[in-house]
S.K.: 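Here's a structure for you.
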Amino acid sequence: QFTLSKQLYDSIIDAQATLAAVREMRARNDVPALAALEGQGGGRGAAADGPDTLNSVIGGMNQLMGLLQGADATPTTQVVAAVAQRRAALDTLKARWTAIRAAK
């Protein structure tokens with residue numbers, strides 16, 4: 001439980017830093033790829049439907065963090081898999097961000 005929570009926490013911090021950098025570049029250059037990467041803000045804990053975006057990944061991770069912190073029990077295999085999936089989605093989005101940054 002602690003290990004997954006720490007992984008999620010670190011990933012959320014990483015995703016928020018990436019999101020801030022995307023927003024900074026977007027303020028200077030309103031490129032459609034940046035808007036697609038950022039996604040719509042859904043509020044704390046809300047995961048949006050549709051393709052993964054930084055906002056939807058952060059929302060999904062917040063939901064998973066709530067599940068992990070809400071129970072004093074070993075995480076289920078479904079939660080473990082969901083954490084891995086959200087972290088992989090973040091890695092994919094960060095790779096897209098790196099490609100966009102390199103193209104500028």
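Just the heavy atoms: all of them, side chains too, but no hydrogens, waters or symmetry mates, feed the values below. What you see is a predicted model; the values in this text were computed from it and never measured.
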S.K.: By side-chain contact (heavy atoms from CB on, under 4.5 Å), which residues pair with V80, not counting sequence neighbours?
M.R.: L4, P75
S.K.: Would you name the heavy atoms of Q69 and S5 that are closest together and state the gap between them?
M.R.: NE2-OG, 2.6 Å
S.K.: Which atoms form the tightest heavy-atom contact between N55 and G39, and what is the distance?
M.R.: ND2-O, 3.1 Å
S.K.: If a pair satisfies salt bridge (charged side-chain N to carboxylate O under 4.0 Å, His left out) and one of its residues is in residues 78-93, list it, with sequence neighbours excluded.
M.R.: D52-R86
S.K.: Please report the interatomic distance OG(S56) to CE(M61), rounded to the nearest 0.5 Å.
M.R.: 10.0 Å
S.K.: So which atom in M65 and which in Y9 form the shortest heavy-atom distance, rounded to 0.1 Å?
M.R.: CE-N, 3.5 Å
S.K.: Which residues satisfy the side chain to side chain donor-acceptor pair (under 3.5 Å) test with Q1, sequence neighbours excluded?
M.R.: none
S.K.: Within this structure, what is the CZ-OG1 distance for the pair R96 and T53, rounded to the nearest 0.5 Å?
M.R.: 8.5 Å
S.K.: Looking at CD of E38 and CZ of R23, how far apart are the two atoms once the value is rounded to the nearest 0.5 Å?
M.R.: 4.5 Å
S.K.: If the condition is side-chain contact (heavy atoms from CB on, under 4.5 Å), which residues does A15 pass it with, not counting sequence neighbours?
M.R.: I58, L90
S.K.: Between atom CG of L67 and atom CG of L8, what is the distance when rounded to the nearest 0.5 Å?
M.R.: 10.0 Å
S.K.: As an exercise, state the distance from CG of L54 to CG of L37, rounded to the nearest 0.5 Å.
M.R.: 4.5 Å
S.K.: Identify whether L64 and F2 are in the same connected component of the hydrophobic contact network (ILVMFWY, side-chain heavy atoms under 4.5 Å).
M.R.: no
S.K.: Any salt bridge (charged side-chain N to carboxylate O under 4.0 Å, His left out) pairs touching residues 67-80, not counting sequence neighbours?
M.R.: none
S.K.: Measure the spacing between CG of L19 and CZ of R26 and express it to the nearest 0.5 Å.
M.R.: 10.0 Å
S.K.: Test of understanding: with side-chain contact (heavy atoms from CB on, under 4.5 Å), list the residues that count as partners of D10, not counting sequence neighbours.
M.R.: K6
